[in-house]
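A short write-up of the structure that comes next.
When a residue number appears, it is its place in the shown sequence, counting from 1.
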Amino acid sequence: EVQLVESGGGLVQAGGSLRLSCAASGFTFDDYVIGWFRQAPGKEREGVSCISSKDGTTYYGDSVKGRFTISSDNAKNTVNLQMNSLKPEDTAVYYCAARALWRTIFLPNLCSGMRFWGIGTLVTVSS
């Protein structure tokens with residue numbers, strides 16, 4: 001059974017930092033793309049950042065480029081999202097998601113086509 005468990009959310013002031021972690025189990029870590037998505041109240045879900053744990057290829061949404069960094073720890077089957085220079089507009093529920101790596105050639109970008117989802121963790125950035 002695929003499981004994705006997020007941790008690290010919380011309340012932070014604007015300009016601060018948070019680190020989210022996604023612990024993955026139930027599949028071969030190297031054969032999957034894992035990423036972070038977010039959904040703010042009244043808004044559509046958006047892809048924040050995704051990574052191929054096999055070769056380290058990454059994707060970042062335009063709104064987080066230069067501020068967020070995604071990384072994978074293959075020994076721990078964990079994907080981390082370091083979020084710096086946080087803004088109030090980064091406030092959202094952040095979800096970890098995963099899909100098989102082989103699907104990448106059929107999809108628009110690395111964050112497309114996610115099949116498995118965690119339950120989410122809330123990030124609140126105060127102004």
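- When side chains are defined from C-beta on, C22 counts as touching W36, because their heavy atoms get closer than 4.5 Å.
- A 4.5 Å side-chain heavy-atom check between T69 and M83 finds every atom pair outside the cut-off.
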Between Y32 and L101, is the side chain to side chain contact (heavy atoms under 4.5 Å, CB included) condition met? List the steps. CA-CA 5 Å; Y32 272 67; L101 177 60; 5.8 Å; no
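- A side chain to side chain contact (heavy atoms under 4.5 Å, CB included) with L81 is found for one member of L18, V48, V64 and no other, namely V48.
- Under the side chain to side chain donor-acceptor pair (under 3.5 Å) criterion, S21 pairs with N80, sequence neighbours left out.
- A donor-acceptor contact shorter than 3.5 Å is absent between the side chain of S53 and the backbone of N74.
- Atom CZ of R19 is separated from atom OG of S7 by 10.0 Å, given to the nearest 0.5 angstrom.
- Side chain of E6 to backbone of L20: no donor-acceptor contact under 3.5 angstrom is found.
- For the pair R99 and T104, the minimum side-chain heavy-atom distance is below 4.5 Å.
- For the residue pair T91/R38, the side-chain donor-acceptor check at 3.5 Å is not satisfied.
- Hydrophobic clustering, with ILVMFWY side chains joined whenever heavy atoms are under 4.5 angstrom apart, keeps L4 apart from V93.
- Contact annotation: the side chain of S127 never approaches that of Q13 to less than 4.5 Å [non-hydrogen atoms, C-beta and beyond].
- Ion pairing between a basic and an acidic side chain is recognised when a charged N comes within 4.0 Å of a carboxylate O; D90 and K87 show no such pairing.
- You'll find the ring centres of F37 and Y95 outside the 6.0 Å limit.
- Put simply, the side chain of Q3 does not reach to within 4.5 Å of the side chain of F27, judged on heavy atoms.
- The two residues V123 and G9 have their closest heavy-atom pair at CG2-CA, 4.1 Å.
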Report the C-alpha distance between I51 and V33 in whole Å, list the side-chain angles of each, state the deciding distance to 0.1 Å, and finish with yes or no for side chain to side chain contact (heavy atoms under 4.5 Å, CB included). CA-CA 6 Å; I51 188 167; V33 173; over 6 Å; no
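- Side chain of R67 to backbone of S85: a donor-acceptor contact under 3.5 angstrom is found.
- A perpendicular orientation is assigned to the rings of F106 and W102, their planes being inclined by more than 60° (bins at 30° and 60°).
- At least one side-chain heavy atom of C96 sits under 4.5 Å from a side-chain heavy atom of I34.
- Within the 4.5 Å cutoff, side-chain heavy atoms of Y60 are placed close to those of I70.
- Grouping the Ile, Leu, Val, Met, Phe, Trp and Tyr side chains by contacts below 4.5 angstrom, directly or via other members, places W117 apart from L107.
- Note on Y59: it clusters hydrophobically with M114, by side-chain heavy-atom contacts below 4.5 Å among ILVMFWY residues.
- Between the side chains of S17 and N84, at least one donor N or O sits under 3.5 Å from an acceptor N or O.
- Contacts classified as disulfide (SG to SG under 2.5 Å) and involving residues 97-127 (residues at least two apart or in different chains) are given here: C50-C111.
- No donor-acceptor distance shorter than 3.5 angstrom exists from the side chain of D31 to the backbone of T28, with no hydrogens or angles considered.
- When side chains are defined from C-beta on, F29 counts as touching V79, because their heavy atoms get closer than 4.5 Å.
- A donor-acceptor distance shorter than 3.5 angstrom exists from the side chain of T78 to the backbone of K76, with no hydrogens or angles considered.
- Within the model, atoms CD of E89 and NZ of K43 stand 7.5 Å from one another, a figure rounded to the nearest 0.5 Å.
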